[in-house]
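Remarks on the structure that follows.
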There are 2 protein chains.
Amino acid sequence: MDVHRLLVFREIARAGSVAGAARTLGWTQPAVSQHLRHLERQAGTALVLRRPRGVRLTEAGEVLLRHADAIAVRLHAAADDLAALVQLREGTVRLAAFPSASATVVPAAMSLLGRRHPGVDVRLREAEPPEALALLAAGEADLAVTFAHAGQEPDEQPGLVRTAVGEDPVRLVLPRSHPHAAGGDEPVDLRTLAAEKWIAGCARCAASLLRTCREAGFTPDVRHGTDDYVVTQALIARGLGIGLLPRLALDAFTAPGVAVRPAAGLLPRTLHLVHPREADQIPAVRAAVRALRDTLAPARG
Amino acid sequence: MDVHRLLVFREIARAGSVAGAARTLGWTQPAVSQHLRHLERQAGTALVLRRPRGVRLTEAGEVLLRHADAIAVRLHAAADDLAALVQLREGTVRLAAFPSASATVVPAAMSLLGRRHPGVDVRLREAEPPEALALLAAGEADLAVTFAHAGQEPDEQPGLVRTAVGEDPVRLVLPRSHPHAAGGDEPVDLRTLAAEKWIAGCARCAASLLRTCREAGFTPDVRHGTDDYVVTQALIARGLGIGLLPRLALDAFTAPGVAVRPAAGLLPRTLHLVHPREADQIPAVRAAVRALRDTLAPARG
DNA sequence: GCACGGGTATAAGTATTCCTTTGGGGTCGG
DNA sequence: CCGACCCCAAAGGAATACTTATACCCGTGC
């Protein structure tokens, strides 16, 4: 049972004649006639009776017409649903982002996306970069916002594409009572901090800290470790150490008891958008990427 | 939105991979891959994400799959319904037949058809041949049982095909009190009846009566006219005239007060089945034709 | 009565679509 | 690292689809 022929048959029934169907289809009459013949052969029964002024459906033809109509309706519904997705009148993006982005640029981007495409639904899940990549690989997220510290090769996951969308500068964070707390925008010389106690972040942040200090000529005395930038700042405010934090984290939250200074030799981290290779063919994902990029562009540099 | 591609896509979704769909379809993998590519181009969005061990549907793919499933269901239903009609598990035949056939061979044929194909529904409508042809032409009947007297050209309706299926001999009907009432199977000589009063039937039957008598050398004195073979016999039984009736009418009903004799020179009428030209491509009609033919065959001659 | 205009079908030829073949890239598991 | 399996892209032959050309049938109107 050939579906195309069924739809041609539907036109015949609608027009009441083979020639009429040919006109509405923009074909010649024999083309439609052949379709009808093949369909009748497949069906094993006459579907129409040829009368002087056209054709008239047989019982089998009437039965077939009802099914053909139902199929045509479904086909239109499918096209409509797809159009809604393509034109971003609906759709869902499952987004994974690391905490400090989730608190700053991601909400801003979601808001922008919501203004541009009110029908698109975004579901955010907070995840550190490795977990975010795992979510993508497992098909549980469509798009991830990740970062990599300068000089660190980000793990390349097969099938995922990564695009850099901006840099997040890293700052020195000190207790307010620290001798270097004042000084404004003047870069601090890291070598003057060789004897400090340090607080490190996640594994890759800690590696970046070690590398930076080594290039400054010393090995830091790391006393504490935590992923959480609120915890980090609480420790620092109490004078339990000093640390490095990216600007996004400080934008999200800066504790009253700490001072933030730039320092020479601090390499920024790079922000990335990651998604499955063909996911940029998905309109909602593409729109989310655009919104994130547009939001992050001012943060660049 | 190409329906075939939609059904191929459905196989991809079912199999979970392009290669798997190709296996179930008996095609090569690139064939299926091209269908998918075209479908995605038409849709304007990715429908699947290519993963190491196959593909995974996107949101748009899931939406499309639901519609494709619905279409496939309808398609199977259409095939099933057609099969029921073709295999005569159901179907309707609208039959038109003239009165004496409707009382004799047609019920027998309907019974035979009902035994052969219990699912086929027959609707009988009694109609003299001209009306029966009009019903066929108007599409209100599928098959007609008609007759034509020997030597009469039946009206040829365009688009209808007529097949002779037997002959119905015509008999002389007399009052029981008539001098010729006795005599059994010995043919009566019509010329001995030139002085009788006659009762004629329908227009064409009357014409046949006139022709027969003329060939016998006289013009009949037609006193009464009626289509109805019961009325005809009532008149004859009362001695109001004599007449000719076909055997089918006498099979249906023979009045107690009449005698039936063969006569030399009485030409039989021919029974016909008439239907629209392609209606023999309709299984239920074909089955009804067979049943009628099988029932009429013994009546032949 | 016969040409005309509507409808139908069939036959043959050209186009197009479809599927296969071939070759190559990517990822997983031994 | 190789083999198995998945995917894609490009090119060619085969099948299908549509057109052209022709003929038939029926109702109508000159």
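In what follows, chains are A, B, ... by sequence order, proteins preceding strands, each numbered from 1. For clarity, every value in this text was computed on a predicted model and none was experimentally measured.
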Are there over 12 heavy-atom neighbours, none belonging to A/His38, within less than 6.0 Å of that residue's NE2? yes
Classify the side chain of B/Gln29 versus the base of D/dC6 as yes if they form a donor-acceptor pair under 3.5 Å and no if they do not. no
How many Å lie between CG on B/Asp2 and P on C/dC19, as a whole number? 10 Å
B/His35 side chain near C/dC19 phosphate (N/O to OP1/OP2, under 4.0 Å): yes
Checking contacts here: which listed nucleotide (D/dC26, C/dT10, D/dA9) is nearest the side-chain heavy atoms of A/Ser33? C/dT10
Starting at the 5' end of DNA chain C and moving along, which residue's nearest nucleotide shows up first, B/Pro30 or A/Gly159? B/Pro30
Parallel under 30°, tilted from 30 to 60°, perpendicular over 60°: which one fits the rings of B/Phe98 and B/Phe147? perpendicular
Atom-pair distance (CZ on A/Arg53; P on C/dG6), nearest Å: 12 Å
So, does A/Arg23 get its side chain near the phosphate of C/dG7, meaning an N or O under 4.0 Å from OP1 or OP2? yes
Can you measure B/Glu278 atom CD to C/dA9 atom P for me and round it to whole angstrom units? 8 Å
Crowding at CZ, A/Arg162 (>12 non-hydrogen neighbours, <6.0 Å): yes
Less than 3.5 Å apart, any donor N or O on the side chain of B/Asp81 or A/His67 sitting next to an acceptor on the other? yes
Starting at the 5' end of DNA chain D and moving along, which residue's nearest nucleotide shows up first, A/Val32 or B/Val55? B/Val55
Would you mind reading off the distance between A/His38 atom NE2 and C/dA11 atom P, rounded to a whole angstrom? 12 Å
Below 3.5 Å, does any donor atom in the side chain of A/Gln157 face an acceptor in the base of C/dT27, or the other way round? no
Could you check whether A/Arg37 gets within reach of a base, just the sugar-phosphate, or nothing at all, counting any heavy atom under 4.0 Å? sugar-phosphate
Spacing of B/Glu11 atom CD relative to C/dC19 atom P, expressed in whole Å: 13 Å
The side chain of B/Thr28 is closest to which nucleotide in this list: D/dA9, D/dC18, C/dT20? C/dT20
Choose from C/dG7, D/dC7, D/dG27 the nucleotide whose nearest atom is closest to any side-chain atom of B/Pro158. D/dG27
Looking only at side-chain N and O atoms, does A/Arg50 come under 4.0 Å of OP1 or OP2 in C/dG7? no
Side-chain heavy atoms of A/Arg50 within contact of B/Arg277, under 4.5 Å: no
Would you kindly check whether a donor in the side chain of A/Gln34 faces an acceptor in the base of D/dA17, or vice versa, at under 3.5 angstrom? no
State whether A/Arg5 places a side-chain N or O below 4.0 Å from either non-bridging phosphate oxygen (OP1 or OP2) of D/dA17. yes
For B/His4 and D/dT16, give me the distance from atom NE2 to atom C1', rounded to whole Å. 11 Å
Tell me whether the OP1 or OP2 atom of D/dC26 has a side-chain N or O from B/Arg277 closer than 4.0 Å. yes
Out of C/dC19, D/dG27, D/dC18, minimum distance to the side chain of A/Pro52 belongs to D/dG27
What nucleotide among D/dA17, D/dC6, C/dC19 has an atom nearest to a side-chain atom of B/Ser17? D/dC6
Among C/dA9, C/dT22, D/dT19, which nucleotide sits nearest the side chain of A/Ala31? D/dT19
How many whole angstroms separate atom CG of A/Leu49 from atom P of C/dA9? 12 Å
Atom CH2 of B/Trp27 to atom C1' of C/dT17: distance rounded to whole Å? 12 Å
Run the numbers on A/Glu59 and B/Arg123 for salt bridge (charged side-chain N to carboxylate O under 4.0 Å, His left out), then give the verdict. CA-CA 14 Å; A/Glu59 188 177 12; B/Arg123 313 207 162 189; over 6 Å; no
